[in-house]
Amino acid sequence: MEIPKQYDPKEAEQNHYERWEKQGCFAPEINRDANAPAFSIVIPPPNVTGSLHMGHALQHTMMDVITRYKRMCGYRTLWLPGMDHAGISTQLMVTRELKKEGVSRHDLGREKFVERVWKWKQESGGQITTQMRREGVSVDWSREKFTMDEDLSRAVREVFVRLYEEGMIYRGNRIVNWCPNDQTVLSDLEVEKIAQAGKLYYLRYPVKNGDGGVTVATTRPETMLGDTAVAVNPKDERYRDLVGTTLALPLTGREIPILADEFVDPEFGTGAVKVTPAHDPNDYDMGVRHNLEQIVVIDPQAKMTEAAGTEFAGLDRYKARTKVVEKFEELGLLEKVVDYEFSISKCERCKTVIEPLISTQWFLRMDELRDEALKLLASRKKPQFIPEVPYEKVYSSWLENLRDWTISRQLWWGHQIPAWYTAEGEVIVARTETEARAKAGTGELTQDPDVLDTWFSSQLWPFSAMGWPEKTKDLDTFYPTSVLMTGRDIIFLWVSRMVMMGLKFMGREPFADVFITGTILDAHGQRMSKTKMNGIDPLEVFDKYGVDATRLKLASVGSTDIRWSDKQVESYRNFANKIWNAARFALMNSEGATVDPESLDASPELALHDRWILSRLNRTARDVRKSLESYEFHEAVQTLYHFFWDDFCDWYIELTKADVTAEGASPQRTAARTRLLSVLEQALRLLHPFMPYITEELWQQLPGAGKHLLHPAYRDAEPTIMLAAYPEPKADSISDATEWEMEALIDLITRVRNIRSEMQIKPSEPITVLIGAPDEKLRGVYTANTNPIIRLLRASEVSVREKLDAPRASARAVLVGGGEVAVPLAGLIDFAQERQRLSKEKEKLAAEAAKLEAQLANPQFAERAPAEKVDELRARIADIAQRAAQLDQTIASLD
RNA sequence: AGGCGCGUAGCUCAGUUGGUAGAGCGCUGCCUCGACACGGCAGAGGUCUGGGGUUCAAGUCCCCACGCGCCUACCA
């Protein structure tokens, strides 16, 4: 059998995914156990416009690890995939494409444009699913959904109609965030605030028919053209007498009142605020409170309107600003201009400065929905955030301050709002046009041209993707889902809204747990972003180091932000290679043996290393399960890495090698080979959720790997490691005593190797190893393991006695448990050097002892510390003392 | 302006109820001992940002300071 020395990930990556998918391994139906518990995840649907980035790879890896793990544990497992139509991004992307052809979307018209988007989706939407297959994600593709699918659109309309009928969705005219570039309204969450250096202008408004005036401070002088009042704080002494009087608003010929409002902060600026109800959210509220006129001076293109006056009409808002300031200066009314840093609202997509405008839009009232979500969190702690701190609070405090949600968008790509208008302007909300006609009693209807915010359909995802509003079997089985795994950036946009909608329409939370992943930063700690061009393409990393290695790295990211480093992936690539070669060794020496789980029972007759590896294996299974149950992926990875590399490869394979590679078949050799294969097979299962490809590739080659190894729930399936049972820890195989014995053996071997290294004895030079072990138990351990000791130390002779009897010219070391080891080095030893080496060791012991004794010397310690801790400390001091005494003797024997 | 997180070996990071500071990479020395040089063996390297406090005991809990980052906000 020829197995290459180096693992080639590409081959394994091509070999298995298609077969898994074809054989239905990802679908819950593969599970034939009628009583199997359910486990489900819905994927955060990637934007149809996108291609795979690190954030996806990170989330997908964690979801896949947990899904594969649960599947191997026998759960009826569903990971439901799909994509989001991503209204604005997609529309912008297709618009940009059209622009290259010299066509605008208006040239095409709505119908043709939407057709074009669908065509584009057909062509490029497949890209990300191909990339996801490469990741190895075990999603059930047969259930793949798209938020614009007909059945999901139906769910959207159903929800809209019901909420409308309950009065929670309403149409209103109010101030909204308007993007002058994209020509649509945006929700508060689609607006980003960016700190910016700007100017604060102090403008003076003269009192009508009198002396004096009031100075207001503003960052947006052009909006003064729409001012309808000046407000001061009612408690502000400076302006008390002016409240109620009238100002002559410069440049406009209009007169505006001075009014008092609590909102005004007397400390800021001059303590007097210009009020522009049509162009500022705060002023809008104030205008409502005081019943002020709303004068629209800026239009949807961000140009000044006729109402701004003939001098300004048609000017861009920034040109108008300059002009207003110039005019004020000419009039001597510009008091001063100071540098000022403030945050400005920009469109998240196109970075255009948002213009607050009054507009008629659809809104969703959030108060009741919000209250239900908060109640659920308070009463049942759902969803459970991981990590709970800080995300639970982030989530709840956002909900507490929630305002109504603007759900309409002036776009063509999306779910068109199911509202129709009669010629008389009556609003009919209905599930279909037919229903609308019936309700209206006329066919003369015009549908609202707007579409819904993308997140309006995304928030239904956990149940709409499972067939709601039909009562489906999937909803019965898989709702609520088990866990949602996503980045923290969409806790508000998506997570909270899913909770509210789940409660409203399913009567239950959509997921039990919410796991928030960390963010992968670039090597300098910067966020990866398209504009910064500092993103790392996961596909390139896959090509370079393999999918499994990349997944292991991603799984160990956990919930904290981390700087990306290829080096770490490289070390996991090396780990994959290590696994490959360990298997290669087992396979090259497998003749006559097969994988046999029965061989994994720890019996007292077994050699120490055999009992030990079984203890380690079971402990590892226990620890990994525990880590995965609490989403501690990095912990699980670390445990597996350490078990496989340090325990299994460095010690077990070395210790069992003699038996496994013995010349000529024998029952002993077969037993050793069987155990090696079987431990390896268990280790591969433990690793499989993290490294699906290499584990499957190797598992398929193991002699005796077959149907009988599958979890009972999958007995009818074709053999694959992904349906094998996840190893369960056998408590009686885990033995502290065995592991302690092994540690003593490892200690002995390491100390003698240290002697070899420090005394510069050639590796090929055989040595004699003399052991003195006063402890009977340890003497037994050394005696029983003389063969392994001889092998691992390349010793020609090993003797174990109660008391060490070694020539003066020996290098020595003190062992744990108070034993002593000596390596005779006649003619090779420099006594001075040896004395120094041992003294160094003694210093270390002395330092440690001093620390511990100081602690014990403190009378308060014995008094207040638990007895158990005191005993432990005493024992440690005794052990050190014993070793120190031994060391003294050893040093003395050199004289 | 508020809220939150982070600061541990040269670098990237673990450290889960307070009780012997860990890993990977990098570094030093030795090694073709047939699973693996993407390897083996043996090492060096930390006053856990600084200062105070609680405690018998603090990387771990509390307060303050410094540095870095993130989020929220109706500061004109």
Side-chain angles (χ1 to χ4, degrees), chain A residues 3 5-7 193 200 216-220 223 231 263-265 267-276 280-286 340 342-343 389-391 393-394 397-398 401 403 488-489 491-492 519 521 523 525-527 545 549 553 556-558 560-568 570-589 630 632 634-635 637-638 641-642 649-650 653-654 657 661 749-750 753-758 760-764 791-792 794 848 851-852 855-856 858-866 868-870 872-873 876:
Chain A
I3 306 171
K5 281 183 170 185
Q6 251 189 32
Y7 170 54
K193 310 267 166 104
L200 191 59
V216 296
T218 179
T219 55
R220 300 197 58 193
T223 61
F263 167 78
V264 181
D265 173 8
E267 305 293 318
F268 189 90
T270 60
V273 185
K274 59 189 276 309
V275 183
T276 322
D280 181 278
N282 295 318
D283 295 4
Y284 175 85
D285 291 343
M286 241 189 295
Y340 180 63
F342 62 106
S343 53
V389 178
Y391 298 115
K393 210 175 150 201
V394 165
S397 54
W398 182 76
N401 298 309
R403 292 156 34 138
R488 71 172 81 90
D489 50 328
I491 293 178
F492 307 146
T519 306
L521 309 168
Q526 301 276 312
R527 280 189 93 109
Y545 300 105
K553 160 66 191 167
S556 60
V557 166
T560 49
D561 293 357
I562 198 165
R563 296 178 189 212
W564 182 262
S565 156
D566 267 15
K567 279 283 175 200
Q568 291 160 3
E570 195 181 318
S571 80
Y572 287 123
R573 189 267 320 259
N574 296 351
F575 180 55
N577 196 242
K578 191 75 181 176
I579 296 169
W580 181 260
N581 279 288
R584 181 167 175 264
F585 172 76
L587 289 169
M588 288 191 319
N589 297 286
S630 48
E632 282 167 325
H634 59 280
E635 197 77 31
V637 170
Q638 207 182 335
Y641 186 96
H642 174 249
C649 292
D650 288 351
I653 290 183
E654 293 308 322
K657 203 173 251 179
T661 59
I749 289 168
T750 305
R753 279 171 173 171
N754 177 276
I755 288 173
R756 259 193 184 282
S757 178
E758 296 209 2
Q760 296 176 358
I761 303 166
K762 276 193 195 139
S764 52
R791 265 188 74 87
L792 297 195
R794 309 197 105 216
E848 205 184 333
K851 216 169 88 184
L852 299 178
Q855 202 181 338
L856 192 64
N858 184 344
Q860 311 242 48
F861 173 70
E863 247 171 70
R864 309 210 183 165
E868 176 197 320
K869 291 288 170 196
V870 179
E872 196 183 297
L873 189 68
R876 273 170 54 204

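Residue numbers begin at 1 in each chain, while the letters A, B, ... track the order of the sequences. Since we're looking at a predicted model, the values are computed, not measured.
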Check every atom of [options] against the side chain of [X] and return the nucleotide holding the closest atom.
X	options	value
A/Phe585	B/A35, B/G19, B/G43	B/A35
A/Arg584	B/C33, B/C36, B/C4	B/C36
A/Phe861	B/G19, B/A35, B/A21	B/G19
A/Gln638	B/G24, B/G39, B/A14	B/A14
A/Ala865	B/G19, B/C25, B/G5	B/G19
A/Glu654	B/G24, B/A35, B/A14	B/A35

So, are A/Arg488 and A/Asp561 salt-bridged, with charged N and O less than 4.0 Å apart? yes
Side-chain N or O of [X] closer than 4.0 Å to phosphate OP1/OP2 of [N]:
X	N	answer
A/Ser397	B/G2	no
A/His634	B/G15	yes
A/Asn754	B/G43	yes
A/Thr750	B/A42	yes

Whole-angstrom distance between [N] and [M], as gauged at atom [atom1]:
N	M	atom1	value
B/A57	B/A21	C1'	15 Å
B/G46	B/G15	C1'	14 Å
B/C64	B/U54	C1'	15 Å
B/C13	B/U8	P	9 Å
B/U20	B/U12	C1'	26 Å
B/A42	B/A23	P	13 Å
B/C6	B/U49	C1'	11 Å
B/C61	B/G18	P	8 Å

Rounded distance (Å) that lies between atom P of B/C68 and atom CD of A/Gln526: 13 Å
Rounded to whole Å, the OH-P distance (A/Tyr572 to B/A14) equals 12 Å
Show me the protein contacts with nucleotides 9-12 of chain B, counting only N or O atoms at under 3.5 Å.
{"unit_1": "B/U12", "atom_1": "O2'", "unit_2": "A/Gln568", "atom_2": "NE2", "d": "2.7"}

Go through the structure and list residues passing ring-ring contact (aromatic ring centres under 6.0 Å, His included) with A/Trp564, not counting sequence neighbours. none
Atom pairs under 3.5 Å: protein N/O with N/O of nucleotides 16-18 of chain B:
{"unit_1": "B/U16", "atom_1": "O2", "unit_2": "A/Glu632", "atom_2": "OE2", "d": "3.0"}
{"unit_1": "B/U16", "atom_1": "O4", "unit_2": "A/Glu635", "atom_2": "OE1", "d": "3.3"}
{"unit_1": "B/U16", "atom_1": "O4", "unit_2": "A/Glu635", "atom_2": "OE2", "d": "3.1"}

Enumerate all atom pairs, one protein N or O and one N or O from nucleotides 70-76 of chain B, separated by less than 3.5 Å.
{"unit_1": "B/C74", "atom_1": "OP2", "unit_2": "A/Lys193", "atom_2": "NZ", "d": "2.7"}
{"unit_1": "B/C74", "atom_1": "O4'", "unit_2": "A/Asn282", "atom_2": "OD1", "d": "3.1"}
{"unit_1": "B/C74", "atom_1": "O2'", "unit_2": "A/Asn282", "atom_2": "OD1", "d": "2.7"}
{"unit_1": "B/C74", "atom_1": "O2'", "unit_2": "A/Asn282", "atom_2": "ND2", "d": "2.2"}
{"unit_1": "B/A76", "atom_1": "OP2", "unit_2": "A/Tyr340", "atom_2": "OH", "d": "2.3"}
{"unit_1": "B/A76", "atom_1": "N6", "unit_2": "A/Asp265", "atom_2": "O", "d": "2.6"}
{"unit_1": "B/A76", "atom_1": "N6", "unit_2": "A/Phe268", "atom_2": "O", "d": "3.1"}
{"unit_1": "B/A76", "atom_1": "N1", "unit_2": "A/Asp265", "atom_2": "N", "d": "3.2"}

Once the angle between the rings of A/Phe575 and A/Tyr572 is folded into 0 to 90°, is it parallel (under 30°), tilted (30 to 60°) or perpendicular (over 60°)? perpendicular
Does the pair A/Asn589 and A/Lys657 meet the rule for a side chain to side chain contact (heavy atoms under 4.5 Å, CB included), with working shown? CA-CA 10 Å; A/Asn589 297 286; A/Lys657 203 173 251 179; over 6 Å; no
Applying side chain to side chain contact (heavy atoms under 4.5 Å, CB included) between A/Thr223 and each of A/Asp283, A/Thr276, A/Asp280, report the one that passes. A/Thr276
Indicate, yes or no, whether a donor-acceptor pair under 3.5 Å links the base of B/C36 to the side chain of A/Lys5. no
How would you label the contact of A/Lys567 with the nucleic acid (heavy atoms, under 4.0 Å): base, sugar-phosphate, or nothing? sugar-phosphate
Given pairs defined as Watson-Crick or G-U wobble with both distances under 3.5 Å, what dot-bracket annotation applies to RNA chain B, with ( ) intrastrand, [ ] crossing, | other strand and . unpaired? ((((((((.[[[[.)...(..]]]].(((((.......))))).....[[[[[..)....]]]]])))))))....
Which atom pairs link the protein and nucleotides 27-31 of chain B when you take only N or O atoms and keep those under 3.5 Å?
none

